[in-house]
Amino acid sequence: MDVQQGTYNFRQIEQKWQKFWEEHKTFRAQDGDASRPKYYVLDMFPYPSGQGLHVGHPEGYTASDIVARYKRMRGFNVLHPFGWDAFGLPAEQHAIKTGTAPALTTAKNIANMRRQTKSLGFSYDWDREIATTDPEYYKWTQWIFLKLFNSYFDEREQKAKPIEQLPVPQGLSEQERRRFVDDHRLAYQADVAVNWCPALGTVLANEEVIGGVSERGGHPVVRRPMRQWMLRITKYADRLLEDLVQVDWTESIKKLQVDWIGRSVGAEVRFQIAGNTPESGGATQDIWVFTTRPDTLFGATYMVIAPEHPLVDVITTPAQKAAVQEYCQAAARKSDLDRTDLAKEKTGVFTGTCAVNPVNQEKIPIWISDYVLISYGTGAIMAVPAHDDRDYEFAKKFGLPVIPVVEPPDPQEAELVRRGEFCFTGNGRAINSGSFNGLPTPEFKEKITAWLAERGQGKKAVNYKLRDWLFSRQRYWGEPFPILHTEDGRIIGLSEDELPLLLPEVEDYRPPGTGQSPLAKAADWLHVTLPDGTKAQRETNTMPQWAGSCWYYLRYLDPRNSARGWDPAKEKYWMSVDLYIGGAEHAVLHLLYSRFWHKVLYDLGYVSTKEPFQKLINQGMILGEDGQKMSKSRGNVVNPDQVIEEYGADSMRLYEMFMGPLEAMKPWSMQGVQGVSRFLQKAWRTVVVEETGALAQTVQEAQPDDETVRLLHQTIRKVGGDIETFGFNTAISAMMIFVNHLAKQEVRPRSIVEPFVLLLAPFAPHIAEELWQRLGHRESLAHQPWPKYNEELAKDKQLELAVQVNGKVKDRIVVPAEMDDEQVKAKALACEKVVSALAGKAPKKVIVVKGRLVSIVV
RNA sequence: GCCGAAGUGGCGGAACUGGCAGACGCGCAGGAUUCAAAAUCCUGUCCCCGCAAGGGGGUGAGGGUUCGAUUCCCUCCUUCGGCACCA
């Protein structure tokens with residue numbers, strides 16, 4: 001067999017070992033094994049696209065695989081699973097174009113990407129493979145949805161509870177009671193202004209709209225009211241924030257989540273409409289505003305309400321009616337894109353009515369402008385142009401007064417602010433604020449909030465940028481909702497034993513254009529008669545792609561369980577995920593949604609940890625050789641199949657890790673692949689005679705020399721340490737140094753070569769297994785103990801120190817490692833070059849830095 | 001505009017808690033081997049002056065702290081990522 005011959009034939013070696021691992025189930029994770037610590041390494045599972053794997057995928061997968069293989073050798077029971085996030089738009093769009101069922105396209109794509117993934121020799125436990133589109137999988141996605149549907153959020157305990165425990169007010173009619181309950185479910189329906197994308201024929205979540213166009217495809221998105229399914233993620237805003245302290249993620253990713261949740265503390269303040277006194281009838285409601293700067297109340301010179309504010313019609317005077325109507329209608333027609341584009345120029349219209357500032361009884365005009373959003377706070381603001389950039393801009397445009405009430409600490413700024421020529425948004429001291437003058441901003445905030453509360457004019461308030469999650473899509477290729485709508489208007493969740501509710505087969509995948517999904521056309525599926533004879537229709541919306549990926553890490557724990565989503569004992573054993581690796585593009589979407597579901601499941605007792613992912617690493621993007629983002633149109637896309645064909649999986653893996661830091665963005669280089677490929681060949685030749693395939697004569701049962709032993713132990717220490725800190729590039733460089741040294745040796749003792757092969761194994765597992773076997777071992781090295789290093793043996797006996805005079809290196813001295821500082825000093829001062837550099841002057845100071853240098857200051 | 005990360009040879013990048021800048025790899029140059037090429041091996045490779053010994057400069061720019069700064073502080077510039085009227 002060719003494999004037995006000498007040259008490094010990666011094709012045969014890689015095939016051989018991939019087959020071996022698969023047949024021997026080398027990487028099977030043992031549920032509940034109490035004899036070893038567990039370690040759960042998870043990759044963000046891919047969407048099985050028709051393009052197949054791109055080189056960005058193996059970057060994260062190789063990193064996690066190195067850790068998985070390393071942990072196994074360190075004695076951990078490792079769970080390292082893989083699967084497919086297989087619902088999604090491309091397969092559906094392909095179906096619309098060609099009529100091919102998305103299920104078929106998806107199966108084909110999975111088969112291809114599975115082949116590619118396997119060709120890289122990752123140590124996945126393939127017995128646990130899952131696909132979100134598998135009915136046996138989405139059955140449980142639907143099950144979790146029902147848990148959300150059948151739960152409410154208990155404000156006092158700040159947690160989800162079964163809906164049966166919801167305290168319902170007495171004396172409600174059956175219909176009112178039902179309405180009350182439905183309004184408290186974590187999954188609920190609401191008429192909301194949604195992001196409707198006409199080109200895609202579906203609504204999108206806020207997170208899926210980037211700058212007014214759809215994230216996928218870049219199609220225009222408009223606002224439109226529609227009845228949609230929502231998930232009450234906002235109830236979890238505080239917990240999603242607080243629990244970030246207990247996960248081990250980079251600060252920048254945490255910050256993205258914090259910013260997305262956007263918690264703001266301030267006050268809600270009541271403004272009465274001028275003239276709306278008890279004597280005059282007092283019928284009009286007051287306007288409540290939210291502000292984070294109640295300390296600037298004395299500087300409020302006007303108010304703004306959103307065009308959609310319910311009081312618009314009530315407070316508009318007859319004289320202003322026409323102008324206001326025109327403005328509001330124009331605002332309603334604007335898409336988000338328009339609003340973003342026009343953000344530079346403020347627009348607005350006066351209602352004709354004034355409000356009364358509660359702190360000084362001043363009358364201030366009420367304006368309407370679309371820079372105030374109906375969906376945030378109360379949909380109305382008090383405007384303080386002296387201390388808010390947007391209000392300042394608006395006031396300048398419409399000639400409204402600017403009254404400074406905060407004095408900046410900087411005198412120059414203070415002068416400009418006093419003249420109304422500078423908008424100061426920072427903290428300072430109060431001016432023009434009556435008896436509050438002189439107070440520092442933070443203190444003023446507290447005082448004024450209490451002052452308002454005492455008088456019933458305000459209260460402390462918290463607002464979030466985070467909105468409830470729009471959870472329905474008008475698409476075919478997604479999980480159907482396990483929901484029925486009865487003729488008499490009831491919403492019923494299916495019972496557990498009716499799951500999975502299968503996706504019906506349809507002939508036409510085009511959206512009907514009515515705002516419904518293609519499922520509305522599946523008449524047989526759509527219409528249902530309940531046992532009691534009631535007629536009902538199925539919910540025709542489907543879930544967004546995020547649904548399946550919200551909980552897949554739990555299904556891996558028990559992927560074939562048909563009785564429950566996962567076994568509680570297995571959950572307790574494996575959770576939480578110790579290491580999660582994937583792209584940073586999921587920093588807010590997937591990770592936030594997933595954490596939310598996890599917390600609901602935690603509240604309901606289905607999982608035992610508060611957070612799903614303990615440690616998170618984001619791999620950086622790989623650019624094309626030209627330093628540009630890879631794209632077909634640029635023609636700079638690197639195909640993993642080709643790289644593997646030409647250089648082998650081990651070289652591919654090694655190069656992806658050697659390119660640079662895992663988290664950095666970095667360009668591809670085919671010559672770089674060649675470089676690591678040369679390294680592997682060199683490593684091969686240190687062990688195997690190329691002509692015969694025999695073990696090299698130089699690999700002997702001999703005593704290694706001190707230097708080689710030292711280098712081996714240093715390399716063991718370096719490689720292990722680097723894997724722990726994800727410094728794979730420097731680990732590989734250490735192995736290169738080691739091989740360069742070993743290749744020069746006439747004799748390469750087995751006691752040196754074998755540990756090295758084990759070090760190489762997590763990075764380049766195929767070649768390592770082959771070398772291990774050729775060294776005479778029968779068993780796979782996958783569970784061999786990781787080599788240990790000896791600190792004493794790793795220590796350098798002699799140290800070379802630099803000797804500096806006034807910061808310039810003048811000479812070098814070689815000293816025994818244990819030499820004490822005084823002796824080192826003496827030796828340094830005795831150097832010929834140092835003596836001449838000193839030129840007879842006495843050193844002021846001599847600093848010895850252990851193992852580094854001697855610094856002499858004159 | 002705001003927030004975050006980062007700027008080191010021709011290129012990717014290294015440098016522990018402030019301690020010899022440029023490890024390792026690529027590329028390039030020269031040499032060995034070869035009829036020749038590939039492969040492999042050896043030598044050199046931050047910049048400037050110098051035949052050399054040696055000297056000077058150097059981690060985006062400028063300043064500061066320090067015996068000593070790629071590392072810490074301030075100002076500015078550039079690139080990338082995120083958010084985008086959230087009061």
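To find a chain, count down the sequence lines: A is the first, B the second, and so on, and within it residues start at 1.
We find that CG of A:D295 is positioned 14 Å from P of B:A87, with the value rounded to whole Å. Taking atom CG of residue A:D389 and atom P of nucleotide B:A84, one finds them 18 Å apart after rounding to whole Å. A:D388 has its CG atom 14 Å from the P atom of B:C2, to the nearest Å. In this structure, the NZ atom of A:K850 is 18 Å from the C1' atom of B:G18, given to the nearest Å. Remark: P of B:G1 and OH of A:Y371 are 20 Å apart, rounded to the nearest angstrom. When rounded to the nearest whole Å, the span between CG of A:D811 and P of B:G55 equals 11 Å. Taking atom CD of A:E663 as the reference point, atom P of B:A14 lies 12 Å away to the nearest angstrom. Note: CZ (A:R685) to P (B:A39) measures 12 Å, nearest angstrom.
The number of heavy-atom neighbours closer than 6.0 Å to NZ of A:K460, taken from other residues, nucleotides and ligands shown, is 12 or below.
OP1 or OP2 of B:G57 lies within a sub-4.0 Å distance of a side-chain N or O belonging to A:K808.
Classification of B:G9 as syn follows from a glycosidic angle within 90° of 0.
Nearest approach of A:G851 to A:L799, heavy atoms of both residues: CA-CD1, 3.8 Å.
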Exercise for review: Quick one, give me the B/S/- string for nucleotides 66-75 of chain B, reading 5' to 3', where B means a protein heavy atom under 4.0 Å from the base and S means that only happens at the primed atoms, P, OP1 or OP2.
Suggested key: -B--------
Between the protein and nucleotides 30-32 of chain B, which nitrogen or oxygen pairs are less than 3.5 angstrom apart?
none

Give me the distances for all protein-to-nucleotides 3-6 of chain B N/O pairs that come in under 3.5 Å?
| unit_1 | atom_1 | unit_2 | atom_2 | d |
| --- | --- | --- | --- | --- |
| B:C3 | O2' | A:K255 | NZ | 2.5 |

N/O-N/O pairs, protein side and nucleotides 22-28 of chain B side, under 3.5 Å:
| unit_1 | atom_1 | unit_2 | atom_2 | d |
| --- | --- | --- | --- | --- |
| B:G25 | OP1 | A:N740 | ND2 | 3.1 |
| B:C26 | OP1 | A:R678 | NE | 3.0 |
| B:C26 | OP1 | A:R678 | NH2 | 2.9 |
| B:G27 | OP2 | A:R678 | NH2 | 3.1 |

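With A:T351 contributing its side chain and A:I366 its backbone, the two residues share a donor-acceptor pair below 3.5 Å.
Residue A:M382 is out of contact with every strand shown, counting any heavy-atom pair closer than 4.0 Å.
Remark: the separation of the P atoms in B:A53 and B:U17 is 36 Å, to the nearest Å.
Taking A:Y236 as the reference, A:F153, A:F596 meet the ring pair (Phe, Tyr, Trp, His ring centres under 6.0 Å) condition, with sequence neighbours excluded.
When the options A:I233, A:L256, A:T234, A:L240 are evaluated for a side chain to side chain contact (heavy atoms under 4.5 Å, CB included) with A:I261, the one that passes is A:L240.
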Under 3.5 Å, which donor-acceptor pairs do the side chains of residues 657-668 of chain A form with other protein atoms, sequence neighbours left out?
| unit_1 | atom_1 | unit_2 | atom_2 | d |
| --- | --- | --- | --- | --- |
| A:K666 | NZ | A:E59 | OE2 | 2.5 |
| A:K666 | NZ | A:P661 | O | 3.1 |
| A:K666 | NZ | A:L662 | O | 3.3 |
| A:K666 | NZ | A:A664 | O | 2.7 |

